[in-house]
Amino acid sequence: MKRHGLNPRPSGRGARQLLRDAADRLTLVDTGVGGADSPAASWAPVPGGLVGELAAVGVAPAEISTVILTHLHSDHSSGAVAGGAPVFENARHVVQRAELDAARGPTAEWVLPALEGHLHVVEGDAVVAPDVRVHLTPGHTPGHQIVRVGEVAMTGDLVLHPAQLDDPAIPYVYDDDPETAARTRAEVLAALRAEQAVLATAHFSDPFTRL
Ligand SMILES: [Zn+2]
């Protein structure tokens, strides 16, 4: 079957967002495209700039206590690994069980062995750090998850383009299961809209969107 739908250009260095809680613990949501040896090098401009961007705000990789991977696509997860070892050596890496069960291909083979012993596997909805929750949102990938902190929802690849806010049925060419992705997108966006949440998106040109 020919895939159809949105195919926006990849956004440079990939997705990543940093949270600092009241006790100064740091949580990173997604890790960007990674270094020159990343599997994302086949399509994205590498190396990514995550470690340098963290340094610019005074954060060393070892200070990150939690890494949440919304899913295992290369522009979200490859930056967790460099030279076969975890970049964030002191962090738990939160991944959904369904994402691990479905994981295969170059990115999974690159990321998962290096993170052995550093994974925090969750199923469905879970509190993963103080005031930080994840929600299973399958479709883009089987174990895709979004992250909630207060009114903010970090949406990973739940939405790729602002047009999908008006019409969640618009497919994205890289949704693994387009029907499930569209249904999940419609349900989650309706719930977020009802609470006037703020979206922190991975691929929009504006990083924040209030619904
Ligand atoms: Zn993706």
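This one's a predicted model, so the numbers in the text were calculated from it and none came from an experiment. We count ligands from 1, going down the list as the structure has it; atoms in each ligand are counted the same way.
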Could you verify whether a donor N or O on one side chain and an acceptor N or O on the other, from Thr141 and Asp176, lie under 3.5 Å apart? no
Electrostatic pair Asp175:Arg185 at N-O distance under 4.0 angstrom: yes
SB check Arg16 Glu53 (cutoff 4.0 Å): yes
Show which side-chain atoms of residues 104-118 pair as donor or acceptor with protein atoms under 3.5 Å away, not counting sequence neighbours.
from	atom 1	to	atom 2	distance (Å)
Arg104	NH1	Ala102	O	3.1
His118	ND1	Glu116	O	3.4
His118	NE2	Glu89	O	3.3

Using the test ring pair (Phe, Tyr, Trp, His ring centres under 6.0 Å), find all partners of His73 that sit at least two apart in sequence or belong to another chain. His71, His140
In the shown structure, where waters are left out, how many protein N, O or S atoms lie under 2.8 Å from the Zn ion (ligand 1)? 4
Salt bridge (charged side-chain N to carboxylate O under 4.0 Å, His left out) against Arg20, all qualifying residues, sequence neighbours excluded: Asp24
